[in-house]
Amino acid sequence: MATSIAVSTNQLIIESLKILTSPGGSKYLVSEDGSEELLNTVLQMNLKLFLEFLSKNPSLLDNIKLESNFLPEDMGQSFQACDNITVRQKYAEIFTVLLNCLRRNVSNKIFETNLKGDINKESGLADDALSVQQEKIISTSLQFLLVLGIYPYLPPGVGIPVSQRLGPGQIFLATANDYSSELNDLQRIRLILPIIKLFCDLFSVPSLQSLIVNNYLSDVLTALIYLRHCAKLIMKRTDFSVKTSVDDTAINKDRKTLSLNDISQEVSNQNADVLVYPITKTFMNIDPYQQPWSLLAVIKYTNINIDLVIRSSSASLVLKSLMILSGAGKASSLTPKTPPWFRRIIAGIMKDVLMVPPGVLHFISSFIAESASSNSNSQDWQNCKAVAQIISRCPVNDKNMHQFFTSVCHQLIDLLQSAQIKSHPLIIRAVGATISEVNLLQPVIMKDVCLSHLHSPLLRLASNQGLSSATSDFVLPETVLTSCIETLHKLYIIGQEPQSPFLKTLFPVVGILFSLFVFIRSSHCNLRTLCCDLVKSYLTACDTNTGISCLMALVLQSTETYPCVSQNVKLIWGSSGGVEAIKSEATEKHQEMSSWTLPVDAALDIISSLDNPELISDLFIHLLQKLTEIISAETLQVGIVLPGISLAKDQQSAKLDELKKKIVMISFLASLGEKFGENVIQSCQHVLLFTKVTLERCLKVCQSSDEEKTQMFEWETVSMALSLLTAVLGGAVQLTEQDKQLLDELVPILTALHQNQATDPMVKEMAEDLKIAVATRGLVWGELNKSKRSTQKSGVKQMSTSSKSTQSLIEVLSETNIDDESPNDVENSHQMTDVHHSTKVQQALQDLCDPLLPVRGHGLISLSRLVEDRDPEALNKSKLLLRPPSGVCLLPIYRITCLFIHWINDLFTCICT
């Protein structure tokens with residue numbers, strides 16, 4: 001029976017709320033005027049309709065009297081000591097009474113059901129279930145309460161402005177009265193506290209709690225925060241000292257519930273200003289035992305309910321509401337700015353929410369959801385930076401700083417390692433930007449709680465710790481190593497901007513990543529690209545000198561600065577196509593000589609993909625300088641290069657290391673020259689100095705040692721040096737006066753190298769040709785390219801000779817004045833040209849078709865002089881010299897004048913055709 005009465009009473013309360021929130025018979029008045037008087041008229045008419053409904057339903061009136069001393073004839077007076085109030089304040093009081101009655105009835109019904117253990121088997125609905133229409137009416141009533149009973153008493157900038165609300169709130173835009181300038185802090189607490197207490201009490205009903213959390217979470221938090229702020233201000237002004245400190249937020253602390261005795265404590269010893277509600281003025285059963293509220297009780301009450309509201313809501317919804325309250329949604333210039341004290345409190349609450357997993361994920365997801373849905377790349381990085389700045393600048397102190405960043409960093413790392421965000425690059429960018437920003441502000445803490453955790457799997461490969469364990473041969477399983485590299489790739493490549501300073505934090509593991517890249521370089525493993533990208537990103541972020549030092553250490557496998565994979569660790573292929581690390585035998589100290597240059601090839605692959613010509617050219621010069629120093633030092637004490645058998649093992653190992661270092665550097669230098677050609681040569685002086693010391697050392701070594709391996713190594717080094725000298729003389733860079741002096745010093749050395757009986761034949765030939773080229777500053781090359789020309793001739797013989805336009809100039813020469821010769825005669829003429837000594841004209845024509853531009857220029861000059869000197873053989877070659885593209889097309893304009901003297905008619909015909 002009691003349950004049916006409660007249900008009918010609840011229906012009457014819902015109907016009363018509907019009357020109060022509906023225009024009713026005053027619809028025709030709404031379109032007439034938008035003044036404040038009109039709104040008051042509408043509210044008064046609804047109050048009359050409510051009183052008529054109340055007089056017809058005495059059961060509802062009896063239920064209301066249980067909640068307060070409600071008298072229908074006192075509609076113009078407040079329930080608080082019968083003070084005169086406005087119609088809007090009266091409206092808010094009636095909503096408060098009705099909703100309190102509804103909450104009490106539903107709570108009693110739930111209590112009775114739980115006590116009896118009965119369940120409504122017919123409908124299957126909970127006792128607090130609401131229909132869609134009922135939920136809409138209650139939601140509208142709550143919004144009326146906010147607009148009429150809370151927001152008029154809030155200062156500008158606190159909470160969501162009424163102008164940004166939809167629904168019934170828009171009715172009050174033009175006529176809403178702002179009492180913020182007319183009330184003091186204590187008056188505001190007395191007006192706001194009953195209504196916010198109603199909202200907190202409604203949390204005891206699950207359906208109403210869900211309604212408030214989903215629609216009015218930010219409003220409840222705003223009112224609770226402001227009440228606590230006002231109470232603290234009053235206590236501060238009245239020199240009221242709180243014996244126990246009260247935290248602004250306690251989302252991570254287990255608070256005890258507010259006892260009934262706490263509410264009334266410290267009342268008797270305080271003046272009237274300290275009490276929110278004195279004993280003589282108790283408002284609407286504000287607590288069950290009619291006790292007055294002190295300021296300390298208000299602070300404790302708001303703290304407890306802020307904690308309750310946050311715990312009752314999802315982290316994503318709380319963070320979204322906090323962002324709105326902090327001013328993120330106030331884009332209009334007319335909207336008041338959020339006060340600094342309010343923003344600080346919101347930031348403190350946000351900090352506590354972020355510390356509880358998965359708060360960071362919810363914050364990032366809610367913040368960048370709009371960008372992810374719109375696929376707008378222009379705002380992506382800006383939104384990610386905003387996320388990073390908010391998280392990194394949360395208000396922390398010395399006590400909770402380490403705890404906060406530890407929790408946040410662990411959540412960020414979990415996000416990177418999660419398989420759910422592979423398709424969400426924006427989340428990875430936000431995580432990367434956050435870690436980078438925190439590292440910029442707190443580098444020591446980040447190294448301890450974040451970077452060390454990310455790098456630890458790779459660092460195990462470089463240390464000998466844990467290798468002595470006999471339980472397992474595995475140092476690092478395949479899954480752990482793969483996950484570590486993939487996580488680093490997400491953080492440093494996808495999650496960072498190019499040239500980001502955070503990329504330099506790869507310093508401890510860049511050597512290990514390079515060792516892994518060397519191992520998997522020739523495979524199609526996915527880790528190959530990941531390791532290469534990570535090493536490139538570090539080199540890109542470094543300055544030129546640091547990049548050169550890093551590349552040299554990686555190629556030479558120097559473990560002092562950049563640790564690499566330990567010699568006691570061996571990399572093998574895993575069962576899933578990845579890489580895993582196991583213990584290696586202690587006897588494997590040195591690698592095979594054939595694998596010494598593997599790091600060079602790997603470094604060349606990385607350098608080739610770098611868009612940094614300055615780094616490449618400076619690296620080339622650095623190698624020249626280092627090799628020049630090494631060779632100069634060795635020249636003073638020339639000895640056997642390879643370690644002798646008579647040396648001790650440690651001495652053999654040391655000499656082997658020296659030899660390995662030199663071979664790797666020479667191979668690196670040669671690979672750079674071969675890969676990038678003349679573009680890498682930016683300094684003649686370093687090339688010439690390297691060539692000089694290399695030739696001097698080669699002469700001394702060959703004179704003091706007859707060992708074939710030693711001499712072969714020296715000839716390879718000399719060949720490379722002579723190739724660099726050839727590039728310099730070919731016009732790669734402009735020669736200075738100092739360079740020309742160095743060239744003069746090379747002439748006697750090249751002569752001695754050519755005259756040495758032990759010199760390799762190929763080197764001897766190159767030395768003879770370069771001696772002439774050096775003496776003439778590259779104008780005359782002699783026989784330097786004879787071998788190249790013979791190779792080109794053999795290739796031409798295999799090609800089809802049916803078309804004369806494809807023949808070289810020297811082939812056309814044999815056909816001149818012999819138009820009726822057979823192909824055999826032409827071939828014989830080729831053989832005669834190779835056997836007999838070439839004439840000046842033939843030599844000039846050979847130089848004219850040389851692939852090297854300086855040789856071609858020398859042939860052009862020689863042929864022009866022969867024509868000017870009226871050489872008979874040159875004058876007989878008129879058809880050949882005038883035949884494109886070997887004739888006029890190749891001659892400069894100032895040389896055409898000499899041709900006019902002899903073949904003016906033919907020249908005009910040739911030019912016109």
Q: If we check side chain to side chain contact (heavy atoms under 4.5 Å, CB included) with Thr222, which of these qualifies: Leu217, Ile160, Leu154, Ile324?
A: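 With Thr222 as partner, side chain to side chain contact (heavy atoms under 4.5 Å, CB included) holds for just one option, Leu154.
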Q: Determine whether a donor-acceptor pair (N or O, by modelled atom type, separation under 3.5 Å) exists between the side chain of Ser418 and the backbone of Asp414.
A: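 Flag not set: sc Ser418 to bb Asp414 has no pair under 3.5 Å.
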Q: Using only atom types and a distance under 3.5 Å, with no angle test, would you say the side chain of Ser204 pairs donor to acceptor with the backbone of Asp201?
A: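 It does hold such a pair.
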Q: Measure the spacing between CG of Leu322 and CG of Leu317 and express it to the nearest 0.5 Å.
A: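 The distance works out to 9.5 Å.
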Q: Where do Leu354 and Gly359 come nearest, in terms of heavy atoms and distance?
A: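 In terms of heavy atoms, the two residues are closest at CD2-O, 3.7 Å.
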Q: Can you check whether Val309's main-chain N or O pairs, donor with acceptor, with Ser313's side chain at less than 3.5 Å?
A: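 A pair under 3.5 Å: yes.
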Q: Which heavy-atom pair separates Leu146 from Pro152 by the least distance, and what is that distance?
A: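 Answer, listing the atom of Leu146 first, then Pro152: O-CD, 4.1 Å.
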Q: With distance as the sole criterion, is a donor-acceptor pair present between the side chains of Tyr226 and Arg188 under 3.5 Å?
A: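 A pair is found: one side chain offers a donor N or O, the other an acceptor, under 3.5 Å apart.
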Q: Mind checking the CG-CG spacing from Leu60 to Asn10? Nearest 0.5 Å is all I need.
A: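 Interatomic distance, Leu60 CG to Asn10 CG, rounded to 0.5 Å: 10.0 Å.
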Q: Looking at side-chain heavy atoms only, is the closest gap between Leu102 and Ile14 below 4.5 Å?
A: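 Yes - at least one pair of side-chain heavy atoms lies under 4.5 Å apart.
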Q: Please evaluate residues Trp341 and Ile225 with respect to the criterion side chain to side chain contact (heavy atoms under 4.5 Å, CB included), reporting the C-alpha separation (whole Å), side-chain torsions for both, the decisive distance (0.1 Å), and the verdict.
A: CA-CA 10 Å; Trp341 66 265; Ile225 292 171; 4.2 Å; yes
Q: Work out which heavy atom in Ser16 is nearest to a heavy atom in Phe53; give both atom names and the distance.
A: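 Reported closest heavy-atom pair: OG-CE2, 3.2 Å.
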Q: Scan side-chain atoms only and decide if Ser407 and Gln411 contain a donor-acceptor pair under the 3.5 Å cut-off.
A: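 Yes.
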Q: Quick check for you: to the nearest 0.5 Å, what is the distance between Ser321 atom OG and Met350 atom CE?
A: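 Reported value, rounded in 0.5 Å steps: 10.0 Å.
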Q: Thr338 and Ser326: side chain to side chain contact (heavy atoms under 4.5 Å, CB included), yes or no, with the steps?
A: CA-CA 7 Å; Thr338 304; Ser326 64; 5.9 Å; no
Q: What's the spacing between Ile390 CD1 and Thr434 OG1 if we round to 0.5 Å?
A: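 Ile390 atom CD1 to Thr434 atom OG1 measures 9.5 Å (nearest 0.5 Å).
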Q: Taking the side chain as C-beta and beyond, is there a heavy-atom pair between Gln89 and Leu148 under 4.5 Å?
A: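 Gln89 does not reach Leu148 side chain to side chain.
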Q: Do you know the tightest heavy-atom contact between Asn305 and Cys200?
A: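 In this case the closest contact between Asn305 and Cys200 is OD1-CB, 3.2 Å.
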Q: Looking just at side-chain N and O atoms, do Asn100 and Thr96 make a donor-acceptor pair shorter than 3.5 Å?
A: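 Side chains of Asn100 and Thr96: no pair found under 3.5 Å.
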Q: Could you check whether any side-chain N or O of Ser139 sits under 3.5 Å from a backbone N or O of Glu135, counting only pairs where one atom can act as donor and the other as acceptor?
A: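 No, because the side chain of Ser139 does not come within donor-acceptor range (under 3.5 Å) of the backbone of Glu135.
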Q: Could you report the tightest heavy-atom contact between Ala231 and Val298, atom names first, then the distance?
A: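 Heavy atoms only, the tightest pair is CB-CG1, 4.2 Å.
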Q: Can Ile364 and Leu412 be said to form a side chain to side chain contact (heavy atoms under 4.5 Å, CB included), step by step?
A: CA-CA 10 Å; Ile364 294 176; Leu412 294 173; 4.2 Å; yes
Q: Could you check if a side-chain atom of Glu52 sits within less than 4.5 angstrom of a side-chain atom of Ile19, using non-hydrogen atoms only?
A: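 They are not in side-chain contact.
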Q: Between Asp307 and Asn303 (side chain of the first, backbone of the second, donor and acceptor by atom type, cut-off under 3.5 Å), is there such a pair?
A: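 Answer holds: no.
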Q: Checking the side chain of Thr302 only, and the main-chain atoms of Ile299 only, is there a donor and an acceptor separated by less than 3.5 Å?
A: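 Indeed, once roles are kept as given, a pair shorter than 3.5 Å links the two residues.
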Q: So which heavy atom on Ile13 is nearest to which on Cys101, and how close?
A: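 Answer, listing the atom of Ile13 first, then Cys101: CD1-CB, 3.7 Å.
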Q: Do Asn215 and Leu142 come close enough that some side-chain heavy atom pair is under 4.5 Å?
A: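 Sidechains of Leu142 and Asn215: no contact.
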Q: Return yes if some donor-acceptor pair links the side-chain N/O of Tyr91 with the main-chain N/O of Leu20 below 3.5 Å, else return no.
A: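 Present.
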Q: Any non-hydrogen side-chain atom of Leu221 less than 4.5 Å from a side-chain atom of Ile310?
A: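 Heavy-atom side-chain distance check passes, below 4.5 Å.
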Q: At what distance, to the nearest 0.5 angstrom, does CZ of Arg344 lie from NE2 of His229?
A: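 Output value for this atom pair is 9.0 Å.
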Q: Short question: side chain of Ser365, backbone of His362 - any donor-acceptor pair under 3.5 Å?
A: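 No, the answer is negative, given that no donor and acceptor are paired below the 3.5 Å cut-off.
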Q: Quick one: pull up CD1 in Ile212 and CZ in Phe203 and give me the separation to the nearest 0.5 Å.
A: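 The distance works out to 5.5 Å.
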Q: Parallel, tilted or perpendicular for Phe199 and Tyr216, by the 30°/60° rule?
A: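 Aromatic pair Phe199/Tyr216 classed perpendicular.
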Q: Begin from the C-alpha positions of Lys197 and Tyr301 and carry the test side chain to side chain contact (heavy atoms under 4.5 Å, CB included) through to its verdict.
A: CA-CA 9 Å; Lys197 185 179 182 300; Tyr301 180 81; 3.3 Å; yes
Q: State, yes or no, whether a side-chain contact exists between Asn46 and Phe50 at a heavy-atom distance under 4.5 Å.
A: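 No - every pair of side-chain heavy atoms lies 4.5 Å or more apart.
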Q: Taking the side chain as every heavy atom from C-beta outward, state whether Lys136 and Val132 have any atom pair closer than 4.5 Å.
A: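 With C-beta onward as the side chain, the pair stays apart.
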Q: Tell me whether Gln134 contacts the main-chain N or O of Ser131 through its side chain, where contact means a donor paired with an acceptor under 3.5 Å.
A: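 Looks like yes, one N/O pair under 3.5 Å.
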Q: A side-chain contact here means heavy atoms from C-beta on lying under 4.5 Å apart; do Leu193 and Ile196 qualify?
A: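 Yes. Closest side-chain heavy atoms under 4.5 Å.
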Q: Between Asn184 (side chain only) and Gln187 (backbone N and O only), is there a donor and an acceptor less than 3.5 Å apart?
A: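 Such a contact is found between Asn184 side chain and Gln187 backbone.
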